[in-house]
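Following: one structure in structure tokens, then a few remarks.
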Amino acid sequence: MFYFEPAGIRIFMRYSQTLIPTVKEIPADAEIVSHQLMIRAGLMRKLASGTYIYLPAGQRMMAKVMNIVRQEMNATGAQEIIMPVVQPMELWQRTGRDIDYGETLGKFIDRHGRGNVLSPTAEEGFTYLAATEINSYKQLPMNLYQINTKYRDEFRPRFGVLRSREFMMKDAYSFHADDASLHKTYMDMYNAYCRVFERCGLEYVIVQAESGEMGGSQSHQFTVPCESGEDVIVYTDDNKLAWNIEKAPVDAPAKQPAVKAGKPELFHTPGAGKIEDVCAFMKVEPAQLIKTLIYKSGDDIILVLLRGDHEANPEKLARLMAGAHTEMADEATIVALTGAAVGFAGPVGLCDKAAKVFVDHSVAAMAVGATGANKTDYHLINVVPGRDFPLEGANVQVVDIRNAVEGDTYEGKKLLFKRGIEVGQVFKLGTKYSAKLGAKFLDAAGKQKECLMGCYGIGINRIIASAIEIGHDENGMILPITIAPWEVIVTPAGMEPEVMAAAEKIYSQLEAEGVETLLDDRDARGGVKFKDADLLGIPVRITVGKKTLAEGNVEFKLRTDKDRTILPLATAAKQAAQTVRDIKAKLNK
RNA sequence: CGGGGAAUAGCUCAGCUUGGCUAGAGCGCCUGGUUUGGGACCAGGAGGCCGCAGGUUCGAAUCCUGUUUCCCCGACCA
């Protein structure tokens with residue numbers, strides 16, 4: 001495959017003149033390994049909660065990841081542009097996202113009283129551009145992207161760079177005349193993303209994701225499995241299918257054998273509005289309770305019935321509601337509807353009052369259960385689904401509306417769970433933005449149509465953090481060579497003139513070979529240099545020592561290996577350069 | 001935004017309960033010396049408005065009130 005030299009990456013660097021402030025102690029506010037190591041290895045420093053200064057080593061890693069992304073995007077024919085980070089509020093009002101995005105949207109008013117948005121993503125800007133510049137089907141398809149700072153005013157930044165307020169994202173937006181074209185670009189992006197993550201040395205899983213957008217959409221998420229990930233991915237035990245937890249479907253459980261149950265009876269549960277409290281009163285398990293969640297969609301009441309041990313899945317609800325906006329009902333609505341305090345709602349006698357009732361199929365499968373009695377401080381026992389409340393009817397549906405849990409199956413296959421870091425996502429957007437911002441074109445028949453759109457994101461900082469999460473040991477980072485800050489570190493162990501001279505020689509030979517090299521020319525003991533080299537995770541180390549040098553040799557060591565090998569001084573640089581190329585070729589193939 | 005915790009040297013933290021010597025340690029930093037292959041040693045040194053603002057007191061890092069910032073759990077979110 002091809003060798004590339006990232007634009008703007010300096011090859012030749014001396015440790016003594018570079019700001020690489022490594023620290024021995026684990027920073028107090030860093031919880032996860034990647035955050036700790038990014039601080040300890042001197043990649044970055046915190047400026048404020050959720051914002052980080054990238055120091056030279058960190059900046060190099062960012063630049064290298066961005067270059068890989070850029071190359072793979074360009075290879076698909078996508079065009080790079082630069083979009084302002086500060087954007088007019090008016091544009092966001094036109095799509096309604098000034099409201100929909102909520103508090104996470106960073107805003108400020110300038111001296112002229114104009115509202116401005118700090119771009120958390122850029123559908124508006126790119127669609128605005130398409131609306132003004134695309135007129136004809138002959139210009140389509142078009143795929144535009146940028147690699148730029150994004151800002152989100154997170155309620156709670158955490159995990160270092162994984163959930164920060166300011167971060168670097170590659171975001172692409174494609175425009176199409178028809179579905180086939182959208183699908184082709186979607187798949188081009190999908191495949192380009194595979195190459196990006198492979199070249200970055202990441203192990204990743206592609207999962208089907210909820211798009212959260214309307215209109216026949218499709219979405220995949222690229223996730224790096226690791227413990228500190230915030231996303232939960234669900235996959236079948238044959239490894240054939242994987243989803244984000246928001247999307248993972250579950251089989252309907254087998255109907256429990258019918259039991260003889262008397263009529264529903266009131267059971268006094270004073271103050272027990274929560275599942276655990278009710279269970280304590282009744283001495284039953286949460287799985288024997290039926291909980292009733294009350295949502296509103298406009299003026300309509302939506303009931304969702306779930307087993308006590310299950311959780312509602314808002315994405316599945318949204319899909320069942322065909323995209324109509326729904327929200328949890330407020331206390332006043334619940335009290336008015338049920339005639340009881342919050343926590344005592346139940347389906348018996350309530351289903352007729354709702355526009356829609358969604359019964360999770362694990363509730364439908366229950367033989368008998370306990371529910372709220374629609375009377376403060378009381379629950380009902382001996383409630384039989386289908387007898388005491390309907391399982392069918394004009395407004396009643398038995399559906400899959402909950403999150404998958406341990407023990408669930410899909411198509412008979414066991415579902416397994418893993419945590420992961422989302423590093424990329426591809427979406428089909430449909431015409432949501434093009435319709436609102438007037439991105440239209442004339443087709444071959446002269447008919448005006450709205451552009452179909454796709455959007456595609458990659459979290460640059462998250463690639464670095466996840467590479468560290470999956471690549472480290474007790475001594476520090478173990479980085480893929482394609483994103484490591486340097487490919488080789490030359491470590492003179494000792495300050496004798498002949499040792500330094502040999503190190504300098506290898507260093508300049510590596511430069512001639514085009515290898516990104518850091519020369520540790522500090523006046524420090526060997527141990528200090530070895531520790532920092534390991535902490536920085538530089539894949540290849542060449543050590544020049546007095547004893548081996550006396551025999552005309554130097555040492556060669558890979559960060560991934562325990563052992564060192566001896567190479568002749570004369571050919572060491574050439575051999576190291578070849579090794580570097582070989583390792584890179586494996587990742588870049 | 002709810003709940004919990006923290007703020008003292010560049011970093012990690014003691015001291016606060018029970019107010020009172022010149023506010024401490026380790027690491028890091030500077031100077032000199034001895035060292036030089038896995039975070040060396042000795043000697044000397046620099047560095048603090050004890051987050052900020054009020055209050056109580058003869059006296060506050062320490063007690064009280066307010067405020068800001070940071071961290072954790074939850075909710076929310078890519």
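In what follows, chains are A, B, ... by sequence order, proteins preceding strands, each numbered from 1. The analysis underlying the following values was restricted to heavy atoms, covering all of them including side chains, and did not include hydrogens, waters or symmetry mates.
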Open item on the list: Can a side-chain donor-acceptor contact be found between A/T571 and A/Q575 if the only test is distance below 3.5 angstrom?
Closed with: yes

Task: Atom pair CD1 (A/I421) and CD1 (A/I32), whose distance is rounded to the nearest 0.5 Å - done: 6.5 Å

Task: Phosphate-side-chain proximity, A/R158 and B/rC73, N/O vs OP1/OP2 below 4.0 Å - done: yes

Open item on the list: Could you tell me how far B/rC71 sits from B/rU62 if I compare only their C1' atoms? Round to whole Å.
Closed with: 23 Å

Task: Rounded distance in Å - CG (A/D520) to C1' (B/rG39) - done: 12 Å

Open item on the list: With rounding to the closest Å, how many angstrom separate the C1' atoms on B/rG24 and B/rU67?
Closed with: 29 Å

Open item on the list: If we count only N and O atoms by modelled type, under 3.5 Å, do the side chains of A/Y193 and A/K170 hold a donor and an acceptor together?
Closed with: yes

Task: Side chain proximity check, A/M453 to A/F427, heavy atoms < 4.5 angstrom - done: no

Open item on the list: Applying a 4.0 Å non-hydrogen cut-off, can you work out what A/R541 is touching in the nucleic acid: base, sugar-phosphate, or nothing?
Closed with: base

TODO: Name the residue closer to the 5' end of RNA chain B, choosing between A/E422 and A/A524 according to the nucleotide with the nearest heavy atom.
DONE: A/A524

- [ ] Measure from the side-chain heavy atoms of A/D29 and tell me the nearest of B/rC71, B/rG39, B/rU12.
- [x] B/rC71

Open item on the list: By nearest atom, which of the nucleotides B/rA40, B/rG38, B/rC70 is closest to the A/R525 side chain?
Closed with: B/rA40

Open item on the list: By the 4.0 Å heavy-atom rule, please label A/G459 as base, sugar-phosphate, or nothing.
Closed with: nothing

Task: A/R14 versus A/Y507, closest heavy-atom pair with distance - done: N-OH, 3.6 Å

Task: CG/A/L19: more than 12 non-hydrogen atoms of other groups inside 6.0 Å - done: yes

Task: Protein-nucleotide distance (A/N475, atom CG; B/rG38, atom P), rounded to Å - done: 13 Å

Open item on the list: If I take atom CG in residue A/L162 and atom C1' in nucleotide B/rC72, what distance separates them, rounded to the nearest angstrom?
Closed with: 16 Å

Open item on the list: Work out how far the P atom of B/rU12 is from that of B/rU8, and round it to whole angstrom.
Closed with: 9 Å

Task: Between B/rG37 (P) and A/K529 (NZ): distance, integer Å - done: 11 Å

Open item on the list: According to a cutoff of under 5.5 Å between the ring centres and under 30° between the ring planes, does A/F167 stack with the base of B/rA78?
Closed with: yes

Open item on the list: Counting only heavy atoms from other residues, nucleotides and ligands, does the tally under 6.0 Å from CD of A/E203 exceed 12?
Closed with: no

- [ ] Report which part of the nucleic acid A/K547 touches: base, sugar-phosphate, or nothing (heavy-atom distance under 4.0 Å, all strands).
- [x] nothing

Task: Positions of residues 554-570 of chain A (non-hydrogen atom under 4.0 Å from RNA chain B), listed by number - done: A/E555, A/R564

TODO: Determine the interatomic distance between P on B/rG44 and the same-named atom on B/rG26; round to the nearest Å.
DONE: 13 Å

Task: Over 12 foreign heavy atoms within 6.0 Å of CD, A/Q93 - done: yes

Task: Whole-angstrom distance between B/rG20 and B/rG2, as gauged at atom C1' - done: 41 Å

- [ ] Using whole Å, report how far CD1 of A/I53 lies from P of B/rG10.
- [x] 16 Å

Open item on the list: Taking B/rA6 as the reference, what is the distance to B/rU17 when you measure between their P atoms (whole Å, please)?
Closed with: 15 Å

Open item on the list: Measuring from the side chain of A/F155 (C-beta onward, heavy atoms only), which nucleotide among B/rC1, B/rG39, B/rC70 has the closest atom?
Closed with: B/rC1

- [ ] Rounded to whole angstrom, note down the P distance from B/rA14 over to B/rA53.
- [x] 24 Å

Open item on the list: In whole Å, I'd like the distance from the CE atom of A/M495 to the C1' atom of B/rU34.
Closed with: 17 Å

TODO: Answer with base, sugar-phosphate or nothing: what part of the nucleic acid does A/I458 contact at a heavy-atom distance below 4.0 Å?
DONE: nothing

- [ ] Check whether any side-chain nitrogen or oxygen of A/T104 sits under 4.0 Å from OP1 or OP2 of B/rC76, and answer yes or no.
- [x] no

Open item on the list: So for A/R40 and B/rG28, does any side-chain atom that can act as donor or acceptor lie under 3.5 Å from a complementary atom in the base?
Closed with: no

TODO: Determine the Euclidean distance between corresponding C1' atoms of B/rC50 and B/rG19; express it in Å to zero decimal places.
DONE: 15 Å

Open item on the list: If you only use heavy atoms from C-beta on, which nucleotide in B/rA40, B/rU12, B/rG38 is closest to the side chain of A/A28?
Closed with: B/rU12

- [ ] Take atom CG of A/D523 and atom P of B/rC29, then tell me their distance rounded to the nearest Å.
- [x] 12 Å

Open item on the list: Over all strands shown, is A/S164 touching base, sugar-phosphate only, or nothing at heavy-atom distances under 4.0 angstrom?
Closed with: base

- [ ] Could you work out which one of B/rG39, B/rC72, B/rG37 sits closest to the side chain of A/T548?
- [x] B/rG37

Open item on the list: From C-beta outward on A/K24, which listed nucleotide comes closest to its side chain: B/rU12, B/rG37, B/rG39?
Closed with: B/rG39

- [ ] Establish, from distance only, whether the side-chain atoms of A/D188 and A/T76 form a donor-acceptor pair under 3.5 Å.
- [x] no

Open item on the list: Please tell me whether A/S174 and A/Y456 have a donor and an acceptor in their side chains that are separated by less than 3.5 angstrom.
Closed with: yes

Task: A/L549 CG to B/rG37 C1', straight-line distance once rounded to whole Å - done: 14 Å

Open item on the list: Of the options B/rG38, B/rC70, B/rG74, whose atoms approach the side-chain atoms of A/R156 most closely?
Closed with: B/rG74

TODO: Can you run through RNA chain B from 5' to 3' and write each base as (, ), [, ], | or . depending on how it pairs? Watson-Crick or G-U wobble, both distances under 3.5 Å.
DONE: (((((((..((((......[...)))).((((((.....)))))).....(((((..]....))))))))))))....

Open item on the list: Within the supplied structure, the quantity of interest is the number of heavy atoms (other residues, nucleotides, ligands) at a distance under 6.0 Å from A/E80 CD; does it exceed 12?
Closed with: yes

Task: Crowding at CZ, A/F556 (>12 non-hydrogen neighbours, <6.0 Å) - done: yes

- [ ] For A/D532, report the nucleic acid contact type (base, sugar-phosphate, nothing); a contact means any heavy atom under 4.0 Å.
- [x] base

Task: First encountered from the 5' end of RNA chain B, between A/E154 and A/G527 - done: A/G527

TODO: Could you name each residue pair satisfying ring pair (Phe, Tyr, Trp, His ring centres under 6.0 Å) that touches residues 19-42 of chain A, not counting sequence neighbours?
DONE: A/H35-A/Y52

Open item on the list: By the 4.0 Å heavy-atom rule, please label A/D534 as base, sugar-phosphate, or nothing.
Closed with: base

